[in-house]
Amino acid sequence: MSSKQRIAFLGLGVMGGGMARRLAAAGFPLAVWNRTASGAEPLRDLGATVVSTPADAAAEANIVISMLADDAASWSVWAGSGGALERIPRGAIVVECSTVSPTWVAELTALAAAKGCAAIDAPVTGSRTQAANGELQFLVGGDAAVLERVRPVLAAMARNIVHVGPAGSGARLKLINNYLCGVQAAALAEAVVLIEQSNLSLEASLGVLQNGAPGSPLVKAVSNRMASRDYAVNFKLGLMTKDLSYAIAEGQRHGVDLETARAALGRFQLASQTPWNDQDFAAVVEVLRP
C-alpha cells in the first residue's frame with residue numbers, strides 16, 4: 001500500500017476533528033462523516049470529501065478509522081444501518097480508535113474478518129491539544145503486520161505508536177489508563193474542596209501538591225482547571241463516567257475488583273446527573289463544593 005492510502009474517518013468530535021485535520025494536512029485522500037453534519041464542514045475546507053453515511057465514507061477507503069463515544073455508538077457506525085461495514089472494500093483495514101470495551105473489539109474484529117478486512121484497536125492517550133498537534137500516543141492491539149500497513153497513517157497523528165498485544169489489548173490498556181486518571185481526578189476533587197473548606201490558601205496548597213510527590217501531569221493540569229473553574233472540554237466528564245464503568249467490568253472479567261474505580265465512579269455518576277456532564281471532567285469537583 002502506498003503512503004497515501006485513501007482514508008475514511010468517522011466521528012469528528014473533540015478528538016476526531018483534530019485527528020482528521022492532521023490527516024488532511026499530511027495529504028491523505030480523506031472522506032469524513034460526522035453524526036452532526038455541521039461538525040464535518042471544517043474538513044471540507046481542508047480538501048476532505050464530506051459524506052452523509054459511514055457506508056459512503058468507507059466505500060472507496062483503504063483504511064477506515066473511527067473515533068466515537070462508546071460501544072453503542074461504535075456498533076451503530078460500523079454495523080448498524082448505513083454503517084461502514086456495509087460498503088467497506090474487501091482488504092481494507094478497520095482501525096477503532098474509540099475508547100471501547102475489549103468485548104466489542106472482539107466482535108468488531110470478527111465482523112471485519114467476515115468482510116475480508118483486518119482490524120486493529122488503536123485508542124489514544126492525549127486530549128484536545130495533542131490531537132490538534134499530532135502528538136497522540138496510540139495503544140495498538142492486533143496483528144503486528146497489520147499495524148505496519150497503517151503505521152504511516154497513524155504517524156501523521158502521533159508522537160508514539162505502541163503495539164501492546166493481540167486484538168483487544170489496546171482497548172484494555174486504554175481503560176486501565178483512564179481508570180487511573182479518573183481515580184486521581186476524583187481524589188483531587190476531594191482534596192481541593194478540603195483545602196477550600198479548611199481555609200488553606202488554594203494557590204499555595206496546589207503549588208505544594210503539584211510540585212511534590214502527588215504532582216502527576218494529570219494533577220498539575222486538572223488542579224489548575226478546578227481552581228480556575230475553567231471546564232472547557234479537554235475530556236468530557238460523561239466519557240470518564242463511561243470509561244470507569246467499562247474498566248470495572250473488564251476488571252470483573254479478569255477477577256480483579258477495581259474498588260478505587262468504583263469509588264471514583266460514584267463521584268462521576270453524581271456529576272453526570274448535572275449540567276457538568278457535558279463539561280471537562282475536572283468539573284467533578286463542583287458536586288463536592290458547597
Side-chain angles (χ1 to χ4, degrees), residues 1-12 16 19-20 22-24 26-35 40 43-44 47-124 138-158 161 163-171:
M1 300 175 76
S2 75
S3 62
K4 296 301 180 187
Q5 299 103 318
R6 296 187 303 276
I7 311 301
F9 204 104
L10 313 174
L12 301 170
M19 293 165 71
R22 297 297 303 183
L23 293 174
F28 288 98
L30 185 64
V32 299
W33 171 87
N34 195 56
R35 191 175 304 278
L43 273 298
R44 191 192 302 274
T49 300
V50 177
V51 299
S52 58
T53 69
D56 292 338
E60 297 183 359
N62 303 120
I63 297 173
V64 185
I65 302 171
S66 66
M67 178 55 87
L68 304 159
D70 53 24
D71 283 10
S74 181
W75 181 91
S76 175
V77 167
W78 287 105
S81 177
L85 292 175
E86 283 187 2
R87 298 183 64 192
I88 194 170
R90 189 173 189 86
I93 298 175
V94 166
V95 181
E96 177 54 276
C97 291
S98 317
T99 302
V100 294
S101 70
T103 300
W104 164 240
V105 168
E107 184 178 346
L108 176 59
T109 300
L111 291 170
K115 293 288 187 175
C117 299
I120 60 173
D121 47 299
V124 302
F138 285 85
L139 311 176
V140 181
D143 188 270
V146 177
L147 168 57
E148 291 310 306
R149 292 168 64 191
V150 303
R151 186 178 291 274
V153 176
L154 300 185
M157 302 177 281
I161 301 167
H163 183 226
V164 297
S169 299

When rounded to the nearest 0.5 Å, the distance separating CG of L154 from CD1 of I120 is 5.5 Å
Is any side-chain heavy atom of L43 closer than 4.5 Å to a side-chain heavy atom of N34?
no
What's the shortest heavy-atom distance between A57 and L10, and which atoms?
CB-CD2, 3.7 Å
Residues that A171 engages under side chain to side chain contact (heavy atoms under 4.5 Å, CB included), provided they are two or more places apart:
P102, V105, D121
Is there a donor-acceptor contact under 3.5 Å from the side chain of H163 to the main chain of D143?
no
Go through V153 and I65 one step at a time and tell me if the side-chain contact (heavy atoms from CB on, under 4.5 Å) criterion holds.
CA-CA 10 Å; V153 176; I65 302 171; 3.9 Å; yes
When rounded to the nearest 0.5 angstrom, what distance separates CD1 in I161 from CG in L147?
6.5 Å
List the atom of A58, the atom of P89, and the distance in Å for their closest heavy-atom pair.
O-CD, 3.1 Å
CG-NZ distance between N62 and K4, expressed to the nearest 0.5 angstrom:
13.0 Å
Which residues satisfy the salt bridge (Lys or Arg N to Asp or Glu O under 4.0 Å) test with R151, sequence neighbours excluded?
E148
When rounded to the nearest 0.5 angstrom, what distance separates OG1 in T49 from CD1 in I7?
12.5 Å
Quick one: are V77 and W33 in side-chain contact, heavy atoms under 4.5 Å?
yes
Heavy-atom closest contact (A73 atom, L68 atom, distance):
O-CD1, 4.0 Å
Inter-residue atom distance W75.CH2 - L108.CG, 0.5 Å rounding
12.0 Å
Report the distance from atom CG of L85 to atom NZ of K115, rounding to the nearest 0.5 Å.
6.5 Å
Nearest atoms (heavy-atom pairs only) where A55 meets G83:
CB-O, 3.3 Å
For G82 and T53, the nearest pair of non-hydrogen atoms, with its separation, is O-CB, 3.9 Å
Shortest non-hydrogen separation from M157 to R22 and the atoms involved
CG-CB, 4.1 Å
Check whether any side-chain heavy atom of S76 lies under 4.5 Å from a side-chain heavy atom of R35, and answer yes or no.
yes
Would a distance-only check, ignoring hydrogens and angles, find a side-chain to backbone donor-acceptor pair under 3.5 Å from R44 to V50?
no
Side chains of V140 and V150: does their closest heavy-atom pair fall under 4.5 Å?
no
Can you tell if the side chain of D71 reaches within under 4.5 Å of the side chain of E107, non-hydrogen atoms only?
no
Take I93 and Q5 through the side-chain contact (heavy atoms from CB on, under 4.5 Å) test and state the conclusion after the steps.
CA-CA 11 Å; I93 298 175; Q5 299 103 318; over 6 Å; no
For residues 84-98, which residue pairs pass the side-chain hydrogen bond (donor to acceptor under 3.5 Å, both in side chains) check, not counting sequence neighbours?
D56-R87, S66-E96, S74-E96, W78-E96, E96-S98
